[in-house]
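Inspection log for the structure reproduced underneath, given as structure tokens.
Remember, it's 1-based here, ligands and their atoms both numbered in the order they're listed.
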Amino acid sequence: MDLKQLGWNSFFEGHFNDAARKGSIAARVICEQKQLYTIGTRFGELEARVSGRLMHTASSRADFPAVGDWVAVMPRLEERKATVHSILPRRSKFCRKVASVRTEEQVVAANVDTVFLVSGLGNNFNLRRIERYLTLAWDSGARPVILLNKADLCPDVEAAVLGVESVAPGVPVHAVSALERTGLEGITGHLGEGETGAVLGSSGVGKSTLINSLVGRGILETGEVRSADGKGRHVTTKRQLVMIPSGGMMIDTPGMRELQLWAEEESLQGSFEDIEELAGTCRFRDCSHQAEPGCAIREAIERGEIDESRYRSYLKLQKEIMLLSIRKEQRARLKETRFKEIAKWIKQRKKLDPKRWD
Ligand code: GDP
Ligand code: ZN
């Protein structure tokens, strides 16, 4: 396996020397499943787990390796296994907020050079959604490229491309058809040797079909097959970083797919604009829109201007957003108290043994 083809370059090389210990080698994470990793090395693919030390020093899930990461590993070639000791700095990362016990970030894809934002030119074409995905892309550190798929269904592709270019100045926009395999050079042109891409877009826009056409065989189930169980399993192989024959790689992890759902939730928030506007006219500034007098939202429901069920989902979403920010705040405060405790401890030690702490 050629590390350069896997994306190894002088940036990672420079950081490897700091991270590596004697006998360790560089590897890229190809697949992750329940903290069992498939990694690519110059000795081929190995199966890896993280070291106990990495496990213990990790302060959040973002400190664990993710698909696309470059890692320093100690190989055990006779077993085809390895132990991950450290993660090299990430040039870009896509994160997902995990809001289970506490709010933390989980990296769902790392070291993506180019992220392809896919929209369908069929009926779900939506400039505001493209803007939202662009924000996600800029945040990640990857370079965005916009793909307008299903060009075969669109009577005026040129107008659509111009429309999108107007909301995304400086971002390349390409019309493609994954089905008819036209315009694919709009993708391959951005994926030179060793470069990593990822696709982002709502479900049904043709992301799996696109990757399949690039790879030239059906490695991912597309909508038709998938709808049988609604899950989107990977069929012939579970790898999440796939090589493209014309050069480069594509990352497609389940986490990236959840990121797509997450972006859709954001759009839900956008669709409550009318309710938000009304909320600004309630009598009390901190109105919870449940029982307060002078609540503009309840009044609008009574007049039949707002649907009761839309109001319920608005409240639900508001609660979720609030919970998320409370958890974030608690976590920040906890960190601060811990820091103060450590400072106090050091001060006491200094008193007891001043020489040692000079
Ligand atoms: P994903 O959810 O984004 O991965 O979407 P899929 O790849 O599963 O595709 C969803 C549906 O769109 C499938 O029925 C595909 O056959 C269809 N599709 C994908 N690409 C194209 C295209 O370029 N043109 C047309 N007409 N249909 C497409
Ligand atoms: Zn109110």
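Close approach to K207 involves these atoms of ligand 1, each under 4.0 Å from a residue heavy atom: 1 (P), 2 (O), 3 (O), 4 (O), 5 (O), 7 (O). Of all atoms in ligand 1, listed by their number and element, those nearer than 4.0 Å to a heavy atom of L153 are 26 (N). Near S203, meaning under 4.0 Å from any of its heavy atoms, are these atoms of ligand 1: 2 (O).
An N or O contact shorter than 3.5 Å is missing between V176 and ligand 1 by distance. In terms of N/O distances under 3.5 Å, ligand 1 is approached by L179. Residue contacts with ligand 1: E180 is placed with no nitrogen or oxygen under 3.5 Å of a nitrogen or oxygen of the ligand (distance criterion only).
A cation-pi arrangement is absent between R49 and Y37 under the rule of less than 6.0 angstrom and at most 45 degrees off the ring axis.
Both the backbone and the side chain of T209 come within contact range of ligand 1, each with a heavy atom under 4.0 Å.
By the 4.5 Å heavy-atom criterion applied to side chains, V73 and H85 are not counted as neighbours.
Within H289, the N/O/S atom positioned nearest the Zn ion (ligand 2) carries the name ND1.
Heavy atoms only, all atoms of each residue included: N111 and W70 are closest at ND2-N, 3.7 Å. Scanning all heavy atoms of the two residues, the minimum distance from A178 to N149 falls at N-OD1, 2.9 Å.
In this structure, SG of C295 and SG of C287 enclose an angle of 110° at the Zn ion (ligand 2), rounded to 10°.
With 3.5 Å as the limit, one finds no donor-acceptor pair spanning the side chains of T83 and R53.
With distances taken over non-hydrogen atoms, the option nearest atom 20 (N) of ligand 1 out of N149, L210, V199 is N149.
With respect to R143 and E195, a salt bridge is recorded, a charged nitrogen being found less than 4.0 Å from a carboxylate O.
The environment of R80 atom CZ is dense: over 12 non-hydrogen atoms of other residues, nucleotides or ligands sit within 6.0 angstrom.
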